[in-house]
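Contents: one structure, followed by commentary.
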Amino acid sequence: MSLLSDLLKELQQIKELSEKAIEAAENSQMLEELRVRFFGKKGTISQGILKKLGALSPDERPLLGEKANEVKTLLQEAMDRKNRRFLEEEESVFEESIRIDPTLPGARRMAGFEHLITKTQREMEDIFLSLGYEIAEGPEIENVYYNFETLNTPDWHPARDDQDSFYIVPDQWLLRTQTSPVQVRTMEKKTPPIAIISPGKVYRSDYDATHLPMFHQCEGLLVDTDVSVSHLKGTLEYFIEKIFGERKKIRLRPSFFPFTEPSFEVDVLWENKYGETRWLEVLGCGMVDPNVFRSVGYDSEKWTGFAFGMGIERIAMLKYRLTDIRDFIRGYAHFIRQDL
Ligand code: DAH
């Protein structure tokens, strides 16, 4: 046997073994290792074949060189083919991993929430709108005339002292202490029958667990002929059932407001989680005082009416069983999100 045929045989063996190794490679990394093993400086072809080229006669050399190159090209191609397959596989695995499933529920984004006061106010509005009431508005910077005088509260009246006011111009302009002036402003513009509510901000110089310097009230006014206390009570009973979501016992307790006569405070029979009951004060109301009708030029013999006023914070605190009114303005995220 000549050296040439030995080397050619060896080349053939290298080719077969290499093809098997390529076939067995499981990923592109293994292929890369094979590439080094075959074609690197210390690889099988260089070491096993090309290095021995010098031992051949000059006319034999080209033949072996040519064969070796052929084997090299074949192996190269086999590896390239296999590598392409690996790449395609890897690509499809990757694509699979990033594929979007349009049937999955979307990622939830935190949305804004209505503040409890806004929510409560809207619910109150809906209840009265369903009864045919309209919503009336008035200014927050109010004249003493509307805030007190036409409401039968002259400057000597002790009721003025109950409402520690923020004056803008002493004895003239103030931040309204109640929504009641909207009653008068509405009556000045309209002729009866009237049925309005007026929710909005009011201001008093007060601050503790049950008082805020700025809070919300909702005023109500109904003017018609032959309006009686039973209309008032029926309306409030209906409202309380709707706002608290269940029928509740209420009572009208005699009280005093300058602009209503008679006046009442309305208590609701409230049950705690142990089944104990207690009367809780919810709002003020009464039959419109004839003096108020006179101050807007209504015939107080002809027209009758009732009025009521309630704190929106108070309703919300009862409804959501809150104990500190200041929580409404603290801005705690969990409170605003309402996961109370
Ligand atoms: N304005 C009263 C207050 O702020 C609440 C009130 C009581 C309003 C009786 C009314 C009413 O309309 O009839 O304390």
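Values in this document were obtained by computation on a predicted structure and should not be read as measured data. Order of appearance sets the numbers: ligands from 1, and atoms from 1 within every ligand.
The closest side-chain donor-acceptor pair between E219 and Q183 falls under 3.5 angstrom. A side-chain N or O of D208 and one of T210 form a donor-acceptor pair less than 3.5 Å apart.
Contact atoms of ligand 1 toward A307: 12 (O), 13 (O) (distance under 4.0 Å to a heavy atom of the residue). Atoms of ligand 1 found under 4.0 Å from any heavy atom of Q217, numbered from 1 in the order shown, are 3 (C), 4 (O). Residue-ligand proximity, C285 to ligand 1, at heavy-atom distances under 4.0 Å covers atoms 9 (C), 11 (C), 13 (O). Taking every heavy atom of G286 and a limit of under 4.0 angstrom, the matching atoms of ligand 1 come to 13 (O). Under a 4.0 Å criterion applied to the non-hydrogen atoms of R204, ligand 1 contributes the atoms 3 (C), 4 (O), 14 (O). Distances below 4.0 Å separate heavy atoms of S180 from the following atoms of ligand 1: 1 (N), 8 (C).
At a 4.0 Å heavy-atom cut-off, ligand 1 does not touch E265 at all.
Inclusion of G220 in the set of residues having an N or O under 3.5 Å from an N or O of ligand 1 is not warranted.
Ring geometry for F244 against W270 counts as perpendicular: the plane angle is over 60°, on a 0 to 90° scale with 30° as the lower cut.
Between E32 and R35 a salt bridge is recorded (basic side-chain N to carboxylate O distance below 4.0 Å).
Under the side-chain hydrogen bond (donor to acceptor under 3.5 Å, both in side chains) criterion, D101 pairs with T103, sequence neighbours left out. Taking R81 as the reference, nothing meets the side-chain hydrogen bond (donor to acceptor under 3.5 Å, both in side chains) condition, with sequence neighbours excluded.
Proximity of Q183 to ligand 1 is established by a heavy-atom distance of less than 4.0 Å. At least one heavy atom of F259 sits less than 4.0 Å from an atom of ligand 1.
Side-chain contact between F148 and D155 is absent, with no heavy-atom pair separated by less than 4.5 Å.
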